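Report on one structure; see the data block that follows.
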Number of protein chains: 2
Amino acid sequence: METRRDVFQAIADPTRRAIIMLLAVGALTPNAIAEHFDSSRQAVSKHLRILTECEIVKQEQQGREIHYHLNADKMKDIEKWLEQFKKLLAKRFDQLDTVLEQLKSKRK
Amino acid sequence: METRRDVFQAIADPTRRAIIMLLAVGALTPNAIAEHFDSSRQAVSKHLRILTECEIVKQEQQGREIHYHLNADKMKDIEKWLEQFKKLLAKRFDQLDTVLEQLKSKRK
DNA sequence: CATATATGCAATTATTTAGTTGCACAATAT
DNA sequence: ATATTGTGCAACTAAATAATTGCATATATG
């Protein structure tokens, strides 16, 4: 809980994934979020802290309430990683194509 | 290490993400994988077990060597979740559009 | 002003995790 | 047959995590 956070760690926890989904629909206070779960307000608050630390979520104070907003942009980090992954995969298939091409040429 | 695995937990660890990237290029044995990292063969082996448990990776025995292949399809689980998330976001913006429309009408 | 509400923070605990070391076993190589 | 190699598995340790309980603080409401 002290270490540097990243998005992948943030979405590893099912409760946090659910919170992200909730906030995708609209900003909510910790209490409002907690009502959707079995876990205590404090537990949710901790998840919010983690989400805040890795900037998936940002706070907006409104009187004594704090509204948690989603920073949807941060989710792109995951997409970026997936893209990178897919690029590697594609490269492999390209190489496979090349091999198949060579086999075809040899056959002639 | 006993609990039911899921893909999100699997990609939470940076070493496992790196292993996934390696295997995206092509199948490798545990020893070959371990050579790419500072951690021991056994540590890598544990990561492979976790990746196997959640079906991101599958084994193929060849003599005394075991080749670990990527099951690229499993990665789609992550994409699916992201899609679901984006759908929620889009819905929110649609509603926002509706509100803006209503404001526009009222102004008339 | 007194009370209730919304929230964060600290300390504690139980569980999970990542990593190490050492051993077992099967498939090769000599 | 014996040695070597590739691998998994078990026991252990250290660190991180999730959740609880209790307290502190600031803003509202009567």
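Predicted, not measured: the structure shown is a model, and the values here were computed from it. Proteins come first, then strands; the chains are lettered A, B, ... in the order of their sequence lines, and each starts at number 1.
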Would you mind listing every salt bridge (charged side-chain N to carboxylate O under 4.0 Å, His left out) that reaches into residues 24-45 of chain A, with sequence neighbours excluded? none
Show me the side-chain donor-acceptor pairs of residues 79-87 of chain A shorter than 3.5 Å, one per line, residues at least two apart or across chains.
residue : atom : partner : partner atom : Å
A:Glu79 : OE1  : B:Lys86 : NZ           : 3.0
A:Lys86 : NZ   : B:Glu79 : OE1          : 3.0

Going by side-chain hydrogen bond (donor to acceptor under 3.5 Å, both in side chains), name the residues that satisfy it together with A:Gln42, two or more places apart in sequence or in a different chain. none
Quick one, give me the B/S/- string for nucleotides 22-30 of chain D, reading 5' to 3', where B means a protein heavy atom under 4.0 Å from the base and S means that only happens at the primed atoms, P, OP1 or OP2. B----BS--
Sequence neighbours excluded, the answer for side-chain contact (heavy atoms from CB on, under 4.5 Å) partners of B:Gln61 is B:Ile66
Would you mind reading off the bend of the helix from C:dC1-D:dG30 to C:dT30-D:dA1 from its two end axes, five pairs each, to 10 degrees? 20°
Which residue lies more 5' along DNA chain D, comparing A:Arg16 with B:His67 via nearest heavy atoms: B:His67
Using a strict heavy-atom distance below 4.0 Å, which residues from residues 21-35 of chain A are in contact with DNA chain C? A:Thr29, A:Pro30, A:Asn31
What side-chain donor-acceptor pairs closer than 3.5 Å can you find for residues 10-22 of chain B, not counting sequence neighbours?
residue : atom : partner : partner atom : Å
B:Asp13 : OD1  : B:Thr15 : N            : 2.9
B:Asp13 : OD1  : B:Arg16 : N            : 3.1
B:Arg16 : NE   : B:Ala10 : O            : 2.8
B:Arg16 : NH1  : B:His47 : ND1          : 3.0
B:Arg16 : NH2  : B:Gln9  : O            : 3.3
B:Arg17 : NH1  : B:Ile11 : O            : 2.7
B:Arg17 : NH1  : B:Ala12 : O            : 3.2
B:Arg17 : NH2  : A:Asp6  : OD2          : 3.4

Would one find a side-chain N or O of B:Tyr68 under 4.0 angstrom from OP1 or OP2 of D:dG6? no
Taking side-chain contact (heavy atoms from CB on, under 4.5 Å) as the test, write out the residues that go with A:Ala32, two or more places apart. A:Leu28, A:Thr29
Residues two or more places apart in sequence or in another chain: which of them pass side-chain contact (heavy atoms from CB on, under 4.5 Å) with A:Ala43? A:Ser39, A:Ser40
With respect to the phosphate group of D:dT17, does any side-chain polar atom (N or O) of A:His47 fall under 4.0 Å of OP1 or OP2? no
Please confirm whether the shortest side-chain N or O distance from B:Ser40 to OP1 or OP2 of C:dT20 is below 4.0 Å. yes
Measure from the side-chain heavy atoms of A:Lys46 and tell me the nearest of D:dT20, C:dT17, C:dG8. D:dT20
In chain order, what residues pass the salt bridge (Lys or Arg N to Asp or Glu O under 4.0 Å) check against B:Lys76, with sequence neighbours excluded? B:Asp73
I need the full list of ring pair (Phe, Tyr, Trp, His ring centres under 6.0 Å) pairs touching residues 15-46 of chain A, with sequence neighbours left out, sorted by first then second residue. none
